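Please read the structure below before turning to the comments.
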Amino acid sequence: MAWFHKNKQPLEPPKEKRVQTEGLWVKCGACRRILWKKDLEANLLCCPRCGHHFKMSARARLEMLFDHGRYVEHDAHLASSDPLQFRDTKSYRDRLRRAEKATGLKDALITGEGLLAGKPAIICAMEFDFIGGSMGAVVGEKIARAIDRCLAQRHPLVIVSCSGGARMMEGAISLMQMAKISAGLARLDEAQRPYISVLSDPTTGGVSASFAMLGDLNIAEPGALIGFAGPRVIEQTIRQKLPEGFQRAEFLLAHGMLDAIVPRKELKAYLARTLNLLGAWDS
Ligand SMILES: [Zn+2]
């Protein structure tokens with residue numbers, strides 16, 4: 001009986017209906033809205049709805065600040081020698097290799113020399129995607145060399161920080177960078193070369209405890225997390241609840257720890273104007 005007979009034909013596998021959307025949309029960490037990545041990029045990685053500043057890569061940062069996005073990179077070849085042959089859950093060498101593959105950089109900072117609103121400047125930008133933007137011997141050496149170049153060529157210096165602090169895989173060697181850079185910045189000060197520190201989200205640990213807070217001007221991006229130890233560690237240590245907005249740029253500005261909060265869109269014009277005021281390009 002054909003009525004009861006099921007004509008069995010193999011079911012066709014469903015055609016792939018899913019559209020590849022990965023990487024096209026991003027969720028804003030502040031207002032939770034879903035944003036089209038292209039809109040976000042066109043807006044310098046600031047949420048078009050609420051203004052939340054997303055993290056910016058070191059390359060994008062330098063392209064944004066230098067005229068026509070053009071600059072000469074210095075000391076790109078410097079790489080860590082893994083002086084302690086450190087290993088935790090993974091070997092440090094392995095972490096370095098992965099970070100290099102992910103970012104195309106040999107360490108967590110790029111030094112660029114170029115024109116800022118038509119005037120020469122040296123700008124260092126930190127890369128958070130390289131082991132949390134941590135500062136080891138390479139970051140320290142690159143900044144020290146950037147300072148030497150500023151001294152030799154009488155250029156002003158800008159450092160854009162984005163870092164969790166010193167790189168624990170280099171132990172005391174990474175901590176020594178704090179003193180080394182601070183000493184260099186003191187020489188820059190004696191030579192009356194201006195240095196502006198830009199603190200982006202996050203700037204913590206040994207970076208905030210050294211060069212990030214040593215600028216002639218210390219300015220931050222809106223909402224940036226800035227501090228030494230994290231809030232949980234502090235709460236556990238002092239056994240007190242921390243105030244609302246603690247360690248955010250706005251809180252620090254209100255308490256005299258920062259000179260200004262500058263939205264990303266205004267950053268380049270702000271740097272050009274203030275470096276001019278500080279006599280960066282007076283002969
Ligand atoms: Zn938003």
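Just so it is clear, the model here is predicted, and its values are computed rather than measured. As the structure lists them, so they are numbered: ligands from 1, and atoms in each ligand from 1. The basis for the numbers below is simple: all heavy atoms, side chains too, and nothing from hydrogens, waters or symmetry mates.
- Tyr92 and Glu170 share a donor-acceptor pair across their side chains, judged by distance under 3.5 Å alone.
- For the atom pair Ile196 CD1 and Leu217 CG, the distance stands at 5.0 Å (nearest 0.5 Å).
- With sequence neighbours excluded, no residue satisfies side chain to side chain donor-acceptor pair (under 3.5 Å) with Arg193.
- By the side chain to side chain donor-acceptor pair (under 3.5 Å) test, Arg187 pairs with Asp148, sequence neighbours left out.
- If you check the side chains of Glu73 and Thr111, you find no donor sitting under 3.5 Å from an acceptor.
- Under 2.8 Å from the Zn ion (ligand 1), one finds the following protein N/O/S atoms: Cys28 SG, Cys31 SG, Cys47 SG, Cys50 SG.
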Report all side-chain donor-acceptor pairs from residues 114-126 shorter than 3.5 Å, counting only partners two or more places apart or in another chain.
none

